[in-house]
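As structure tokens, the structure follows; a few thoughts come after it.
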Amino acid sequence: MEQKLIVDGKRIDGRTFDQLRPMEARAGILKNADGSGYFRLGRTIAIAGIFGPRQVHPRHMEEAEAAILKCRYNMASFSTTERNRPGPSRRSKEISKVIREALMPVLFLEEFPKSAIDLHVEILQADASTRCAGINAASIALADAGIPMRDLIASCSVGVVEGQIMLDIAGKEDTEGDVDLPIAYYPKRDLITLLQMDGMVTREQLKQLLELAKKGAMQVYEAQRQALRSKYLEE
Amino acid sequence: MEQKLIVDGKRIDGRTFDQLRPMEARAGILKNADGSGYFRLGRTIAIAGIFGPRQVHPRHMEEAEAAILKCRYNMASFSTTERNRPGPSRRSKEISKVIREALMPVLFLEEFPKSAIDLHVEILQADASTRCAGINAASIALADAGIPMRDLIASCSVGVVEGQIMLDIAGKEDTEGDVDLPIAYYPKRDLITLLQMDGMVTREQLKQLLELAKKGAMQVYEAQRQALRSKYLEE
Amino acid sequence: MEQKLIVDGKRIDGRTFDQLRPMEARAGILKNADGSGYFRLGRTIAIAGIFGPRQVHPRHMEEAEAAILKCRYNMASFSTTERNRPGPSRRSKEISKVIREALMPVLFLEEFPKSAIDLHVEILQADASTRCAGINAASIALADAGIPMRDLIASCSVGVVEGQIMLDIAGKEDTEGDVDLPIAYYPKRDLITLLQMDGMVTREQLKQLLELAKKGAMQVYEAQRQALRSKYLEE
Amino acid sequence: MISIDPEVIKELTTKGIRVDHRAFDEYRKIKIETGIIEKAEGSARVEIGGTKVIAGVKMEIGEPFADRPDDGVLITNAEFLALAYHEFEEGPPRENSIELARVVDRGIRESKAIDLKKLCIENGKKVWMVFVDIDILDHDGNLIDAAALAAIAALLNTKFPKLDIIEEDGEKRYVIDYEQKTDPLPVTQKPIGVTAAKISGKILFDPNIAEESAVEGKISMGITDNMIASIQKSEPGGFSIEEIDHIAEIAMKKASEIRAMLG
Amino acid sequence: MISIDPEVIKELTTKGIRVDHRAFDEYRKIKIETGIIEKAEGSARVEIGGTKVIAGVKMEIGEPFADRPDDGVLITNAEFLALAYHEFEEGPPRENSIELARVVDRGIRESKAIDLKKLCIENGKKVWMVFVDIDILDHDGNLIDAAALAAIAALLNTKFPKLDIIEEDGEKRYVIDYEQKTDPLPVTQKPIGVTAAKISGKILFDPNIAEESAVEGKISMGITDNMIASIQKSEPGGFSIEEIDHIAEIAMKKASEIRAMLG
Amino acid sequence: MISIDPEVIKELTTKGIRVDHRAFDEYRKIKIETGIIEKAEGSARVEIGGTKVIAGVKMEIGEPFADRPDDGVLITNAEFLALAYHEFEEGPPRENSIELARVVDRGIRESKAIDLKKLCIENGKKVWMVFVDIDILDHDGNLIDAAALAAIAALLNTKFPKLDIIEEDGEKRYVIDYEQKTDPLPVTQKPIGVTAAKISGKILFDPNIAEESAVEGKISMGITDNMIASIQKSEPGGFSIEEIDHIAEIAMKKASEIRAMLG
């Protein structure tokens, strides 16, 4: 295999194999939302906003014993190289579902019966790992909204590029790589709450990928906590 | 007229003019549905499933004095020579309506006020007379669900091909024939509950077509009753 | 500028600059609607029908303290030079909104809490100023329905064609003109309740345009009142 | 709107009386006006009693269906305007308007009223598309017959717009001048819709809206040249073969009478 | 969210006081940042007080409209994100977002801000399509002015992506390299949206969200070069000609001030 | 339908018992039948316990994606029929059916089960489009594995329809004769979906519908040739790396057993 994405043991953007792109995390960036978060990972930018817990619309979706978490993941039309047509796609509906399921384990939904928590994740710029950035922004937004949480969920992806396992693939690594594996991680319980994979790996590789992903997620976690701390200190 | 669809007084598939294609009827083929039926007429295959009587969704469609029968006729994407795009079409909506109206006369809907009977008809393979096969499967499914009925509705079609009246047109007879006339028949009251026609006929021909269709429907009726009998004997 | 739309101080259809096209106004043209109106301005033909005040569907749109006015503006498929595809467009949704807002000031909506007034405006033929003709028909329909009103709303448009300010542009004046400015006018309070403009004008021109539009609207107003009077005299 | 109890209609019908005192095979007053929408290639306004519909015909150039490369395309659509009836609501076209449009479409198509071959411009590539759009303005019963009559009246009123075919760099451009009308559309048959209703076991024609609330079933036939070109039964409730034959007999007569009004 | 009773706003306005103590013709603080989305051909983030919007410009190659064969195509779209306001909900674009997008679009189009002729690649066949997409992130009132400002700022920030035209077998292929930006978009005017609101009979500018809950009516003008290029009245409630003229006068001044911020 | 309380399932699972007395890594009975829809290019009916699905493959000619000019196109779609489960309702495809279709699609695509290059007819212009449509007839749990198995069984059963390319006036026409089947589709891998569920902290395989009501989370793996080609976790609830590794281990074994049934 001709090595184009790895040169002298470094990646095209100069990172080492276990290095995340530069991160930026912020809490409370919006005025109207009950809670909001911003998460940037290299050129991938996500914002998240929360309304709720509040009444469910339409009413028949209401659940007697717990709040429902509604999630809408959306990519801005200008976020991608080729314009992304507005409105939900099959892809965005699947991602909305896995984001919701990744976050639910840390929420005390049973404390808010008959209500809804509305989460909107907007991807302002997309350069791989948009669902991860979205989950990271959403975790911050949930905490910023004062919704009781057991922990923050932290997310990042790992991949295999030219046979090499690496953290947080981006740019050409994403379009030309062999494996893409995003996870979401619940640190206090050491559980993986989102797991998807495209591409072929052995059982052994899978384990290595997951271990690496966990390390990346812990760095994200630290950035999320820092963002929330900064906001409370400001106040 | 060059005779291609009739050779030596026989039809292209060897049938006589008043002969139905081989039929196969079965009851109770699904586990979850409250009632289900299967009906095959040559290569045309329909299944039907019933849920109900049960609560109406959305509630504002509920009727105070009788159950509503909701019907959805759908062709599987793989059922036709050229792939059928998923989702309702104008054709499928019209057929859903005429199927519903064909079946209503035998149901005691007034016994189940404020409730709905949901009927789904799925065409697995389509070779003419799909609405007829669907009605036949639906009748079996309604009986299988234990819904009180005055009678079974039996359905088949007749047509005119190369000037000749014939029963149950199929294959090239359908695409190249002159007249297609499906009926649904309510034997105990001797009433036609579905009647549609495309193509030009005289008043006299219409009468002959209807008489022939009735004879075909009575054979269908026998097959439906046999299917229900077999199922109850098994139990 | 080569003058093609103005010849010898006259417009292509022979009108003077401050002249409306021939109008025809009628009330009570439909049997089922609670109120109805017809308004023709040259080749532009609009009809409007009212149902209500009546229960709101869906219920959650209901307002505790006033009736809601629902408005749907639609162009018949055959109304335009190139066939207009059925169903709402972005254009028709915007026009529905501005028509509704133009009419609301004269209605005593607070007298009918929790109810809806449904207004449907259908453009049967479109030759410029369709929203104006629609508002004029709608005013007549509201009055015909016996809905209490402070006044009738009268609407017409003005424009600039080849540098000349003129009333009620139509035909080629519409497609080749420079400015199009429709207004709706509430005569008793001397207020403009619809105002839109496309094209470049100075502040001074804007004032002149509005003054001319008001004059046109007053002629419309007279035709509307005449239509209602004729209907009551007939009865 | 004052509505009449369906039970009253059924009782009256049993006694042989219609609510508006018509004979069982009698139509309400029919009015046909054509050419009312100048911007359409053809148009007609039809009233049957209180039912009012407008049909407009628009023509465009399009591609033929792959299996009929030299046939023009006919597309029929019906809109139940929300102002026509207190129960109509907006939204995607529903069962009733779809059925109405499809029944009218089949009436025209199966009777071969239009010679689709004459709508071919370039075999397999360009054909005329004929759109028949029907607006229901006021619903007082028997929409199918009114819509079918408006459709055929509008088609008979239709003239082709002027078509210029311009060749440029070996490519053809098709330019339509809608302001200029040329030859009439080749309409070779005049199919007429005739609808019967069964109430309390009796068969009557041209049901009004009060009668429609009481029907067991309806049968609409498209009649051409003493032939039946299309049939649609609607509403729950069945018919015997004798009843259907009776409907066919009367339908032939009524169709001739109504066809004569088309001039 | 703490909301203020519209009645309080009306009372204050009568007394000549705005809830945030601005003068009647005073705008809130305006912030403009451009080039924030590298993947877009142009982008801008605008804040007016607490209102935050982002506009991104993407360009594609498409076909011109038949009646304007040598004009590029401008398409403006606005999305009211559900996170921007507690009452926004998802679903098909609704009245308000459609009106917003159409008003911003007309502001650009009618002022001839972009020379559409310069977007023509091959007459009648291929032109640039310019998509202006506006995300509403936070709604604190006066969305039209914020969206219009973000749109023009993003357009001024826009550069064409690199276009290669490859001829193969007599057919042309158009290949865009979005990573390489070339010449700036030909923006020749800087239309500015200025919105006035009428509350308790008084005219004030740049209404915040609390004031919007109390308005009788609003008028937005698109101002270019001391000309009015577009107007939209919204909300029920009417205006006298004198009021409209007063709005036009102030709008000219405000537009100059805001335009200066575009650099 | 009798439904079992999820709490009962959880308790039983804690005790090491499954409601239908299977071992934790035991599948229900699997039935595969192919060629059941003659009109489809390939078809299969699969039962896993009470779950029944049918997959049909239809082929058409279309254009390749711009970024893969010599690859055929694979499109997978799943329909949850309203007759399959008391809670399914009609309407636009929802989350669950979209996820199901996308997971099955990725299992086929990522394992490179079909050699898409061999579906190219004319580079950059015409390719075969392969539609895999899955009808869910009866939902008794573990739809992903049943759907994935039906999909690959139907693909293995698929034969190209006859294609004639006719040149006329320098233009090519592509005519498909669906009645004649020719070569088999080039299927080079047999990916198998294996789904595990976590209940009360235990991992079990092939959950039935009662068990699905009690799951904390599920993981589905697409297994090919002793490699994992795709993974999807669903439902709230998390897994440790050890649990995931355990699932991978068992999935390899189960996949081999199930693959053997494809013949």
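Everything numeric here is computed off the predicted structure, so don't read it as measured data. A note on names: the letters A, B, ... follow the listed sequences, proteins ahead of strands, and every chain is numbered from 1.
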Is there a side-chain contact between D/D135 and C/L124 (heavy atoms, below 4.5 Å)?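 The answer is yes, as the side chains (C-beta and beyond) meet within the 4.5 Å cut-off.
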
When you compare the side chain of C/H120 with that of D/L81, does any pair of heavy atoms fall below 4.5 Å?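 A side-chain contact exists here, since the closest heavy-atom pair is under 4.5 Å.
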
Side chain / backbone / both / neither for [X] at chain C, heavy atoms under 4.5 Å:
X: D/E179; value: side chain
X: D/E38; value: both
X: D/K39; value: both

Which answer fits [X], side chain, backbone, both or neither, if we ask what part of it has an atom under 4.5 Å from a heavy atom of chain D?
X: C/I29; value: backbone
X: C/R83; value: both
X: C/A141; value: neither
X: C/S79; value: backbone

With chain D as the partner, which of C/T80, C/T81, C/N74 has the greatest number of non-hydrogen pairs under 4.5 Å?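 Winner by heavy-atom pair count: C/T81.
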
For the residue pair D/Y85 and C/F51, what are the closest heavy atoms and their distance?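 For D/Y85 and C/F51, the tightest heavy-atom pair comes out as C-CZ, 3.5 Å.
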
Where is the tightest heavy-atom contact between C/N32 and D/A84, given as atom of each residue plus distance?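 So the minimum-distance heavy-atom pair works out to ND2-O, 2.9 Å.
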
